[in-house]
Each structure stands twice: as C-alpha cells, then as structure tokens.
Amino acid sequence: MDRNLLRVIYGDMRDAAALRRAIDSSKPDEVYNLAAQSDVGISFMCPEEAAEINYYGLGRLVHAVLDSGLQPKIYQASTSEMFGSSKPPQNEKTPFKPVSPYGIAKLRAYEDFVVGYRKKYSKLFICSGFLFNHESPRRGEHFVTRKITISLAKIKLGLQESFSLGNLDALRDWGYAPDYVQAMWMMLQQKTPKDYVIGTGKQHSVRHFVEAAASALNMQVEWKGKGLKEVGMVGDKVVLTINKKFYRPVEVNSLCGDPSKARREISWKPSLTFPELVELMAKSDLVQLQREQKMFS
Ligand code: G4F
C-alpha cells in the first residue's frame, strides 16, 4: 500500500472533540466504525468500558458527523453476539437476546444510533452489518481461533507442551475476515442504508476447530475424560487441558448466520470454506514461527 494514502489521526472513542477533529480534518466520504472493546470475555470484567466505547462511542461519532455538516456514509460494526440466546440460524428478523455486556452495548448502539437516528435525521446514511466471527492469520491471539492455531503450531515445533481452553462445545460460524471487510464496503455502496447479516451459514464447535487445525499440521487429536478433566492428546502427550477461567459467566452456545439477504441484495458470498480458513491460519502460524526459529538460531 502507498503509505502516502494513509494518514493516522490520533483520537479516542471516549473523546468527542477528538472525533470531531478527525472528521473535520479528513472530510471522509465513508466512515467505518470498527472501534470497540471487542473481547466478549473481557466485557464481563469491564462492563462500563463496553458501554463507554461500544455504545456512547458510536453516539459521539455520529454527532461529530452531524455537527460537521458533512454527509459521509457511516458503517457501524454490529455483531452476532447481539443475537445471544436466540436459536440459529440467525437472520435480520431474528430477535436480539444478548447475554454479555459487549452484546448489550452493541445492541443499544444499533437501536439508538443506527435505527433511531436513521428515522430522526433523514439525511443521515448509517447502516450496520451483523457480522459473525471473522478470522484470519492477523486475528488477535486471545481469540479462540488464533489461540488454537498458534498453540498447536508451537507444539508441533516443540516450542510449547500444551495449552488450555474453556468451553469446547460452543458453536460458532467462522468466516474469512477479508470477505467481511468487502461486505462492509458493499453495504456503503448502496443508495439507501440497509442492515445485513454476514456469515457463512455453517457452524462448527471449538472442539472441531481444534481437530481441523491439528489435522492441517498433520497431527491427530484424541479426546479423553469429561468436563473440566477432559484433555486433548496427540499420541501419548496431553496437548490440551480445560481451565475454567476461560469459561464465560454466560455463554452464547450456538451461532450460525443466514446471509441470504446479503447474497440476494449485494451479491456477497464467502470465498473460503471452514477447512480452507483453518488451514490458512494454522499454516501461516507454522511458517511464521519457523521463520523466527531460523532467524534466532
Ligand atoms: O474467539 P472468541 O473469543 O469469539 P466470540 O466471543 O465469539 O466473539 C468474537 O466474534 C464476535 C462476532 O463477530 C465479535 F463480535 C467479537 O468482537 C469477537 O470478535 O470465542 C469464541 C468461542 C466462545 O464460545 C468462547 O467461550 O470460543 C469459546 N472459548 C473456549 N475457550 C474461548 C476459549 N474463547 C477464548 N477467547 N479463549 C479461550 O480460551
């Protein structure tokens, strides 16, 4: 990328004046609000921060746009966590039943500043994607997918013996992050603002993700025991244990997006299957670690 095309403006979702300055000085055609306290587990520990950034932050941003007199199109990152305990498959008509401070803050932001302000300010173009989990080799290491791929790659190279997870049976709809960024852009190219579910339509358990990532690295995981005593073995070695500190106080058990509306109206579809995504992530971590090993040997 040409570095001259990118200008970083310092700011904070908690600072209305900083947001106003960012809008005034960049005069954007499109604004993508991806800023969030995005770790669901952390939101149980820091619920005020979730509200401050994920709810009030969007309010400050929308007001900065309204006060500027400019009319950029705004994309708000909503999330499958807003569906919470609603049964899958989830689509745009599914009732929202969030169970985490993260999901609740995102839902309030959507209801007040996307749906509410769209009615209140007729010239405001604001829309939202209900994005299911989107992953890539760039995913933060505290999210479960990347935690699994990097840990297994380290185990494969003899750099680590084992790692721990929480709930292995949670079901998620995992897709490839660049496809989801494409969907956000497509939403803003529409004439009228509309909201879309973006997901692959397929769900897998955390357990299945572990098995697929191990298999991409030519390892086979076998499960022994039950509950907190369950372990994942490769050959005669325990590579995975369960630690209750990684369980959430309230879990969203089953998410699976129905992206029919996005397929129909903006021709969006995912480009990678689940096994392709897992393999991409696992092999990327393996290659990166091998490169680092060579550099420091
Ligand atoms: O990878 P996760 O932390 O993602 P989660 O909670 O589904 O949220 C992600 O996707 C949402 C939808 O796009 C975003 F809105 C949100 O910002 C974030 O990007 O956890 C996935 C599942 C959960 O059920 C969790 O309980 O994995 C389970 N899990 C089991 N062991 C674990 C672990 N999650 C983490 N982070 N770490 C564990 O050790």
Side-chain angles (χ1 to χ4, degrees), residues 8-23 26 28 31-67 74-86 90 96-117 126-136 138-148 150 164-167 170 172 174 177 180-181 184 195 198 206 243-253 255:
V8 178
I9 303 168
Y10 196 83
D12 194 302
M13 295 306 283
R14 286 167 283 215
D15 190 328
L19 294 177
R20 176 66 199 273
R21 244 191 335 268
I23 297 293
S26 60
V31 175
Y32 294 83
N33 180 30
L34 311 185
Q37 183 216 60
S38 66
D39 186 312
V40 177
I42 297 279
S43 80
F44 286 98
M45 292 180 248
C46 307
E48 272 186 37
E49 186 187 58
E52 193 56 57
I53 296 173
N54 301 359
Y55 173 71
Y56 291 110
L58 177 63
R60 291 183 193 103
L61 180 64
V62 174
H63 278 280
V65 166
L66 288 169
D67 294 349
I74 305 175
Y75 172 83
Q76 161 64 4
S78 286
T79 161
S80 53
E81 274 293 308
M82 286 157 49
F83 295 118
S85 57
S86 263
Q90 291 98 357
F96 296 116
K97 294 182 183 171
V99 300
S100 63
Y102 168 81
I104 291 164
K106 283 280 189 177
L107 174 57
R108 289 295 314 278
Y110 171 70
E111 287 177 337
D112 287 358
F113 302 122
V114 180
V115 180
Y117 274 33
I126 183 164
C127 69
S128 196
F130 311 110
L131 268 50
F132 284 65
N133 299 47
H134 36 291
E135 316 290 320
S136 86
R138 293 184 179 187
R139 186 59 141 152
E141 289 173 30
H142 54 290
F143 293 99
V144 80
T145 53
R146 185 82 198 292
K147 182 173 172 184
I148 294 168
I150 198 161
S164 299
L165 291 175
N167 182 6
R172 289 289 181 277
W174 281 295
Y180 292 61
V181 175
M184 297 175 201
D195 310 320
I198 304 294
V206 173
N243 188 327
K244 68 172 182 224
K245 82 173 176 195
F246 296 119
Y247 274 82
R248 309 235 160 115
V250 191
E251 177 67 284
V252 169
N253 291 313
L255 290 174

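For the residue pair Ala77 and Leu34, the shortest heavy atom distance occurs at CB-CD2, 4.0 Å. Taking each heavy atom of Arg146 and Gly140 in turn, the nearest pair found is CB-O, 3.4 Å. Nearest approach of Trp174 to Val144, heavy atoms of both residues: CZ2-CG1, 4.0 Å. In terms of heavy-atom proximity, Cys46 sits nearest to Gln37 at O-NE2, 3.0 Å. Of all the heavy atoms in Val40 and Ser43, the pair that sits closest is O-OG, 2.7 Å. The nearest pair of heavy atoms linking Gly57 to Leu19 is O-CD1, 4.2 Å.
Side chain of Ser128 to main chain of Gln76: a donor-acceptor pair is present (N/O by atom type, distance under 3.5 Å, no hydrogens or angles). Judged by distance alone, with hydrogens and angles left aside, the side-chain atoms of Asn33 form no donor-acceptor pair with the main-chain N or O of Leu61 at under 3.5 Å. Using a distance-only test at 3.5 Å, with no hydrogens or angles considered, no donor-acceptor pair links the side chain of Asn253 to the main chain of Ala170. Checked by atom type and distance alone, the side chain of Thr79 never pairs as donor or acceptor with a backbone atom of Met82 at under 3.5 Å.
Donor-acceptor pairing under 3.5 Å is recorded for the side chains of Asn167 and Glu251. Between the side chains of Tyr55 and Asp112, at least one donor N or O sits under 3.5 Å from an acceptor N or O.
Of the residues listed (Ile23, Val62, Ile126), the one engaging Val31 in a side-chain contact (heavy atoms from CB on, under 4.5 Å) is Ile23, and it is the only one.
Applying the 6.0 Å contact sphere to CD of Glu48 captures no more than 12 heavy atoms from other residues, nucleotides or ligands.
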Would Arg60 and Glu52 count as a salt bridge (charged side-chain N to carboxylate O under 4.0 Å, His left out) here? Give the steps.
CA-CA 10 Å; Arg60 291 183 193 103; Glu52 193 56 57; 2.3 Å; yes

Does His134 form a side chain to side chain contact (heavy atoms under 4.5 Å, CB included) with Val181? I'd like the steps, not just the answer.
CA-CA 9 Å; His134 36 291; Val181 175; over 6 Å; no

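Figure legend: Lys147 and Phe246 shown as a cation-pi pair, the cationic atom lying under 6.0 angstrom from the six-membered ring centre and within 45 degrees of its axis. Under the 6.0 Å distance and 45° angle rule, Arg139 counts as a cation-pi partner of Phe143.
Annotation: Tyr110 is in aromatic contact with Phe130 [ring centroid separation under 6.0 Å]. Under the 6.0 Å cut-off for aromatic ring centres, His63 and Tyr117 qualify, their centroids lying closer than that.
Distance check, rounded to the nearest 0.5 Å: OG of Ser100 to CZ of Phe44 gives 5.0 Å.
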